[in-house]
Amino acid sequence: MSTLHTVNKSPFADQTLQSCLTLCANGDSILLIEDGTYGALTAAPTTALLNSVIARGITVYALGDDLAARGLHSQLNNITTINYQTFVRLSCEHKTIQSWY
Amino acid sequence: MTNSNSFPAIDQDGYLLSRTDWNPAIARQLAQAEHIELTANHWEIIELVQEFYREFELSPASRALVRYTQQKLGNDKGRSIYLMGLFAPHPALLVSKIAGLPRPANCF
Amino acid sequence: MKSLLCISRHSPYGTAIAREALEAVLAAAAFEQNIALLLMDDGVWQLKDQQQPIAGIQKSLARNLNALEMFGVDTVYAHQPSAQKRGLNTAELCIESIEWLDDDQVRQLISNHDHLLSF
């Protein structure tokens with residue numbers, strides 16, 4: 001069974017995304033929301049770790065509205081952009097949710 | 001300031017607002033309002049929950065009260081039924097009230 | 001009974017988050033729920049000894065942590081790498097029995113619980 005991790009802090013200011021990437025388990029998913037969406041940028045200090053997590057088979061999502069609000073649409077890592085309906089579906093599909101804030 | 005004749009300030013549930021207002025005479029009045037006549041056995045538990053509060057800065061809910069009594073006074077007294085005999089019908093609530101402590105959280 | 005894990009990741013006095021986590025644990029325990037507490041990231045600062053909160057204004061989180069056992073919470077877990085990263089001396093803590101976990105053990109702990117409370 002798996003966990004959906006949501007992260008809402010910018011990795012440029014805060015260690016939260018790094019902690020999440022370090023402790024997520026195979027089969028989990030990660031969703032970047034609010035300022036967490038800055039973690040989708042290739043320039044983020046967490047990019048190497050994020051790519052290694054993706055290589056382990058963990059899917060990283062980002063909430064489209066939060067990316068758009070911040071004007072983030074280019075130079076992004078290999079993440080999947082989702083809407084609120086998918087957010088709800090992911091919440092139901094995982095056994096637990098850990099919100100990193 | 002409260003003068004010596006008036007009862008100290010209490011909250012809506014009848015618990016003292018300030019622990020520094022507590023003294024044995026106040027305790028007897030608080031107990032009387034709950035129809036409890038304080039004996040040496042009552043005072044032993046009252047002093048115990050005050051010690052609990054000094055140690056943990058919390059008023060004990062039911063299970064914590066039983067555990068602590070068990071640890072400090074042994075198995076004969078560390079039982080719900082013993083505490084119920086002294087502070088019926090709600091030992092955790094009444095002993096904190098009479099001891100001048102805040103109402104225990106999550107306790108009904 | 002479903003198992004609950006409270007994950008507390010914030011330091012004790014800067015915000016109310018650590019206190020709210022502890023109060024959630026105490027509430028669950030009072031209702032005889034099966035709940036454990038995991039401290040990680042800045043949450044491990046809650047374990048620092050010699051906390052002296054401002055009298056009459058702040059309540060001592062350290063003293064409340066020590067009450068967990070009395071309230072029926074038998075195990076406090078803490079993430080060892082978080083403590084190491086912060087230079088927290090594990091010989092100078094406010095509570096005696098802590099179960100230290102590495103990254104893998106934290107992953108297992110999370111997956112072994114039915115519900116998470118994130119603080």
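Since this is a predicted model, take the numbers as computed values, not measurements.
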Task: Under 4.5 Å from a heavy atom of chain B, the part of C/Ala29 involved - done: both
- [ ] With a 4.5 angstrom heavy-atom cut-off, could you sort out which part of C/Leu65 is near chain B: side chain, backbone, both or neither?
- [x] neither
Open item on the list: Quick test of your reading of the model: are C/Asp41 and C/Lys85 salt-bridged, counting only N-O distances below 4.0 Å?
Closed with: no
Between chain B and chain C, which donor-acceptor atom pairs come closer than 3.5 Å, counting both backbone and side-chain atoms?
| unit_1 | atom_1 | unit_2 | atom_2 | d |
| --- | --- | --- | --- | --- |
| C/Ala29 | O | B/Arg63 | NH2 | 2.8 |
| C/Lys59 | NZ | B/Glu57 | O | 2.5 |
| C/Ser60 | N | B/Glu57 | OE1 | 2.9 |
| C/Arg63 | NH1 | B/Arg54 | O | 2.9 |
| C/Arg63 | NH1 | B/Glu55 | O | 3.4 |
| C/Asn64 | ND2 | B/Phe56 | O | 2.6 |
| C/Glu69 | O | B/Arg67 | NH1 | 2.7 |
| C/Phe71 | O | B/Arg63 | NH2 | 3.4 |

Task: C/His79 and C/Asp102 side chains, donor-acceptor separation under 3.5 Å - done: no
Task: C/Glu99 side chain reached by C/Val76 side chain, heavy atoms, under 4.5 Å - done: no
Open item on the list: Against C/Leu37, only a single residue in C/Leu5, C/Thr75, C/Leu68 fulfils side chain to side chain contact (heavy atoms under 4.5 Å, CB included); can you say which?
Closed with: C/Leu68
TODO: For the residue pair C/Ile7 and C/Leu117, establish whether any side-chain heavy-atom pair is separated by less than 4.5 Å.
DONE: no
Open item on the list: Tell me which of these, B/Ala64, B/Ala105, B/Cys107, has more heavy-atom pairs under 4.5 Å with chain C than the rest.
Closed with: B/Ala64
- [ ] Would you mind reporting whether B/Leu65 and B/Phe87 have side-chain heavy atoms less than 4.5 Å apart?
- [x] no
TODO: May I ask you to decide if C/Asp114's main-chain N or O and C/Ser3's side chain share a donor-acceptor pair within less than 3.5 Å?
DONE: yes
